[in-house]
Amino acid sequence: MPAHVTAAAQLFRYHQRVFIAPPWPQIYTTDSERHQDFAEAVRTHDAMATAYTQHGYQLSTLPRSDIASRVKFIQQHTATLDHRSLESPRPGCPELRDVS
């Protein structure tokens, strides 16, 4: 992993739980915004999963299901979070600090 990616991952921490969408061949398509073919999308997913895991994040894989089920899955996994802890700015991001 490039040093600048590791440095950024250590400096700009997110919540430890990360939701990741698995590659899903039955619904995958390319368009004007998504230029990757499916094989490249799988490699990107795998690289992201590896990077998040190596940096201490806990992955929650979204189910391959309809949107409502995915929303419910996320809501169930975030219901017990202390959302106040998510509001604090990340270190090194002065643009996120409260200036009021």
Side-chain angles (χ1 to χ4, degrees):
M1 188 164 307
H4 72 280
V5 172
T6 297
Q10 291 170 350
L11 180 62
F12 303 113
R13 299 297 296 177
Y14 294 96
H15 190 273
Q16 68 182 20
R17 170 83 49 211
V18 173
F19 294 96
I20 191 163
W24 191 355
Q26 289 79 8
I27 65 167
Y28 191 84
T29 186
T30 58
D31 56 30
S32 63
E33 297 296 321
R34 188 184 313 176
H35 302 282
Q36 293 181 319
D37 62 20
F38 186 72
E40 186 177 355
V42 169
R43 289 189 301 273
T44 299
H45 167 273
D46 293 348
M48 290 174 59
T50 297
Y52 279 122
T53 302
Q54 285 179 351
H55 288 97
Y57 291 98
Q58 298 172 358
L59 295 182
S60 288
T61 301
L62 295 176
R64 290 182 175 140
S65 59
D66 61 275
I67 293 171
S69 296
R70 286 179 168 217
V71 169
K72 185 175 181 179
F73 178 87
I74 292 169
Q75 288 172 333
Q76 288 172 339
H77 284 82
T78 59
T80 60
L81 293 178
D82 177 1
H83 294 284
R84 292 171 302 190
S85 68
L86 302 176
E87 295 172 2
S88 60
R90 295 176 292 173
C93 291
E95 68 277 8
L96 297 179
R97 290 194 179 97
D98 184 359
V99 294
S100 56

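Note that the numbering runs from 1 along the sequence shown for the chain.
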*asked:* Taking side-chain hydrogen bond (donor to acceptor under 3.5 Å, both in side chains) as the definition, give me every residue that meets it alongside Asp37, ordered by chain and number, with sequence neighbours left out.
replied: none
*Exercise: identify the closest heavy-atom pair between Ala49 and Thr53*: O-OG1, 2.8 Å
*For residues 40-50, which residue pairs qualify under side-chain hydrogen bond (donor to acceptor under 3.5 Å, both in side chains), counting only residues two or more places apart or in two chains?*
Gln36-Thr44
*Do Leu59 and Ile74 share a hydrophobic cluster, counting only Ile, Leu, Val, Met, Phe, Trp and Tyr and linking them when any side-chain heavy atoms are less than 4.5 Å apart?*
no
*asked:* According to side-chain hydrogen bond (donor to acceptor under 3.5 Å, both in side chains), who are the partners of Arg17, at least two apart in sequence or on a separate chain?
replied: Gln58, Ser60
*With clusters built from Ile, Leu, Val, Met, Phe, Trp and Tyr whose side-chain heavy atoms come within less than 4.5 Å, directly or transitively, what are the remaining members of the cluster of Ile67, listed by chain and number?*
Val71
_Residue Tyr52 excluded, over 12 heavy atoms near OH under 6.0 Å_ = no
_Sequence neighbours excluded, every pair satisfying ring pair (Phe, Tyr, Trp, His ring centres under 6.0 Å) that has a member inside residues 16-35_ = Tyr28-Phe38
*Can you tell me if Tyr14 uses its side chain to pair, donor with acceptor, with the backbone of Tyr57 under 3.5 Å?*
no
*Under the side chain to side chain contact (heavy atoms under 4.5 Å, CB included) test, which residues partner Thr61, sequence neighbours left out?*
Ile20, Pro22
